[in-house]
Amino acid sequence: MESLPEAVLIRILASIPAVDLVLACRLVCCQWKNLVDGAALWILKCQQEGLTRAESDAENWQNFYFLSKKKKNLLKNPCGEEDLEHWGEVENGGDGWKIEELPGDFGKEFPSEEVHKYFVTSYEWCRKAQVIDLRAEGYWEELMDTTQPKIMVRDWYAGRSDAGCLYELCVKLLSENEDVLAEYKSETVTIPQDNDASWTEISHTFSSYGPGVRFVRFEHGGQDTLFWKGWYGVRVTNSSVTVEP
């Protein structure tokens with residue numbers, strides 16, 4: 001192996017699973033450590049697996065590879081397919097939360113055909129939250145503290161056309177001790193009665209948030225403004241939290 005040209009060795013190493021490269025191959029010798037820590041090997045693996053980026057070659061390609069492979073919605077049950085499973089700190093004002101099938105009464109279909117249900121609020125404030133443990137999801141401490149990858153938050157909300165409602169979103173980045181290190185809080189969105197029931201996306205990107213982030217706390221909710229018994233408040237679905245490459 002010592003006599004192999006470096007370019008050939010990189011191609012051989014690129015065929016090995018990424019975790020094995022970092023945990024095993026990197027420890028073989030100084031040459032292999034330098035190759036695993038370098039950009040060329042990870043650029044090749046990205047090319048082989050169709051992972052593309054527009055950023056400069058000076059960026060950390062190893063981190064880009066792992067973040068791309070891990071990218072997924074970290075929120076569980078974002079569309080109500082499992083009732084209120086995985087959602088904690090639930091506030092059930094009025095008649096509480098309910099899950100309904102799209103488009104619902106006086107509603108519109110969602111922009112994506114993959115979404116079939118939504119959560120709907122009642123005549124007093126309904127809120128629900130979910131806390132994401134980043135380490136449990138595979139985002140190691142050094143990555144979060146040094147690279148500080150962008151954390152993208154998205155949510156979708158809508159009213160029904162015959163009732164007005166309110167909507168709020170609040171997302172916090174928390175430390176090990178659950179201290180708030182960064183926070184995004186939307187304004188209180190007011191949807192008037194006789195609206196067109198269209199779905200609206202709201203999003204926020206956390207970046208350069210500093211070291212120490214270990215959890216993401218996502219909370220949203222709302223109520224109707226007519227105080228009608230039942231479920232005439234804001235509708236929410238397809239919420240997401242993703243760690244971006």
### Message
Do V236 and L169 sit in one hydrophobic cluster, given that two such residues count as connected whenever their side-chain heavy atoms are within less than 4.5 Å of each other, even indirectly?
### Response
yes
### Message
I'd like to know if F206 and M152 are part of one continuous hydrophobic network [Ile/Leu/Val/Met/Phe/Trp/Tyr, side-chain heavy atoms within less than 4.5 Å].
### Response
no
### Message
Once rounded to the nearest 0.5 Å, what's the spacing between atom OG of S186 and atom NE2 of H204?
### Response
11.0 Å
For the student: nearest non-hydrogen atoms of [X] and [Y], plus distance:
{"X": "S68", "Y": "L51", "value": "CB-CD1, 3.9 Å"}
{"X": "D95", "Y": "G230", "value": "OD2-N, 2.8 Å"}
{"X": "W61", "Y": "A39", "value": "CD1-CB, 4.1 Å"}
{"X": "G233", "Y": "C165", "value": "C-CB, 3.8 Å"}

### Query
When you look at W42 and F66, which way does the ring-ring contact (aromatic ring centres under 6.0 Å, His included) test go after all the steps?
CA-CA 10 Å; W42 298 100; F66 279 106; 5.5 Å; yes
Quick one about [Y] and [X] (side-chain donor to acceptor, distance below 3.5 Å, no hydrogens or angles considered), yes or no?
{"X": "S198", "Y": "D196", "result": "yes"}
{"X": "E168", "Y": "T188", "result": "yes"}
{"X": "E244", "Y": "T242", "result": "yes"}
{"X": "H86", "Y": "N77", "result": "no"}

### Message
Going by side chain to side chain contact (heavy atoms under 4.5 Å, CB included), L134 matches just one of V213, L174, L173. Which one?
### Response
V213
### Message
Test salt bridge (Lys or Arg N to Asp or Glu O under 4.0 Å) on K229 and D224; report intermediate values, then the result.
### Response
CA-CA 10 Å; K229 183 173 176 58; D224 79 59; over 6 Å; no
### Task
Determine, for E137 against K72, whether the closest basic-nitrogen to carboxylate-oxygen distance falls under 4.0 angstrom.
yes
#### Entry: Salt-bridge criterion met for E219 and R217 (N-O under 4.0 Å)
yes
### Query
Taking it one step at a time, do E89 and R127 satisfy salt bridge (Lys or Arg N to Asp or Glu O under 4.0 Å)?
CA-CA 8 Å; E89 303 177 52; R127 292 183 175 88; over 6 Å; no
#### Entry: Ring centers of H220, W87 separated by less than 6.0 Å
yes
